[in-house]
Amino acid sequence: MSGRLYVIGTGPGNPDQMTPEATAAVEASAEFFGYGPYLDRLRLRSDQMRIASDNREEIDRAKAALERAAAGAAVCVVSGGDPGVFAMAAAVCEAIDNGPRVWRDIDLVIVPGITAMLAVAARLGAPLGHDFCAMSLSDNLKPWDLIERRLTLAAQAGFVMAFYNPISKARPWQLGRAFDILRTLLPGETPVIFGRAAGRPDERLTVVPLSQADASAADMATCVIIGSQETKTISRQNRVDLVYTPRFAATETK
Ligand code: SAH
């Protein structure tokens with residue numbers, strides 16, 4: 001007997017930014033696996049069961065969910081944002097890759113969601129209007145050398161960059177180091193966006209030039225977007241600056 005495994009994203013926090021498809025998956029599921037604060041975003045019925053776990057236990061959570069689905073349960077694995085962006089969908093695929101063959105027969109439904117960088121970008125204009133890349137600044141799952149190499153090449157290639165997981169108590173210096181590297185590669189006036197808790201009541205959006213970017217402006221709920229040489233800032237009264245990256249690249253990136 002094989003059940004179904006949904007992997008959903010709640011969006012960045014505003015309930016209106018959770019897709020109808022994700023909401024339907026929640027309604028169709030009986031057991032919910034995820035980090036407690038993400039499960040808290042769902043309004044579950046009394047017959048639906050929560051199995052909350054710590055944010056660092058992704059692979060064990062994926063295996064536990066697959067075991068329940070293999071036993072016939074309707075299971076939902078819950079991420080914030082989009083489940084495929086630095087989140088549970090990859091952990092579920094990895095568990096299937098290395099797990100018992102029967103897990104491959106589970107009806108796996110991955111439901112896309114609105115990822116943090118899109119919610120942040122929409123609040124300020126269109127900073128991702130031209131070519132961009134996304135990187136996690138966490139060196140928990142990859143060496144810091146590789147992060148430095150990637151952000152150097154991305155800056156040289158003229159990409160706008162969105163940084164996820166920019167800073168935490170266990171990783172206090174990495175974002176400052178990233179700014180120091182970028183200041184050697186990009187003009188000081190390059191816009192840097194700190195998009196904190198986009199779509200939630202405690203949302204905070206700030207835009208500063210790279211020359212003044214300070215890592216202490218970010219926390220774990222912040223997505224940092226670094227403009228390219230083309231990215232423009234338009235100041236407005238009593239509103240956060242409008243930031244956009246033009247659709248065309250006028251000049252060769254130096
Ligand atoms: N799957 C998630 C990302 C998980 S990694 C997604 O698609 O959005 C966690 C990181 O996402 C945080 O450290 C932060 O960088 C970013 N993030 C999540 N929610 C956010 C929000 N509401 N506003 C800004 N950044 C957010």
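Being a predicted model, the structure only gives us computed values, none of them experimental. Worth knowing before you read on, the calculation uses all heavy atoms, side chains too, and leaves out hydrogens, waters and symmetry mates. When a ligand or atom number is given, it counts from 1 through the structure's own listing order.
Proximity of the aromatic rings of F159 and F132 is defined here by a centroid distance below 6.0 angstrom, and this criterion is not met.
Counting heavy atoms from C-beta outward, L128 and I225 have side chains that approach closer than 4.5 Å. Put simply, the side chain of I8 does not reach to within 4.5 Å of the side chain of P83, judged on heavy atoms.
Sorted by chain then number, the residues whose non-hydrogen atoms approach ligand 1 to under 4.0 Å are P12, G80, G81, D82, V85, F86, A87, T115, A116, V120, Y164, N165, P166, G195, A197, A198, R200, M220, A221, T222, C223.
Considering R171, R196, K169 as possible partners of D219, the one that fulfils the salt bridge (Lys or Arg N to Asp or Glu O under 4.0 Å) test is R196.
In this structure, CE in M18 is found 4.0 Å from OG1 in T23, a value given to the nearest 0.5 Å.
Its side chain outside the 4.5 Å cluster rule for every partner, M220 clusters with none of the Ile, Leu, Val, Met, Phe, Trp and Tyr residues.
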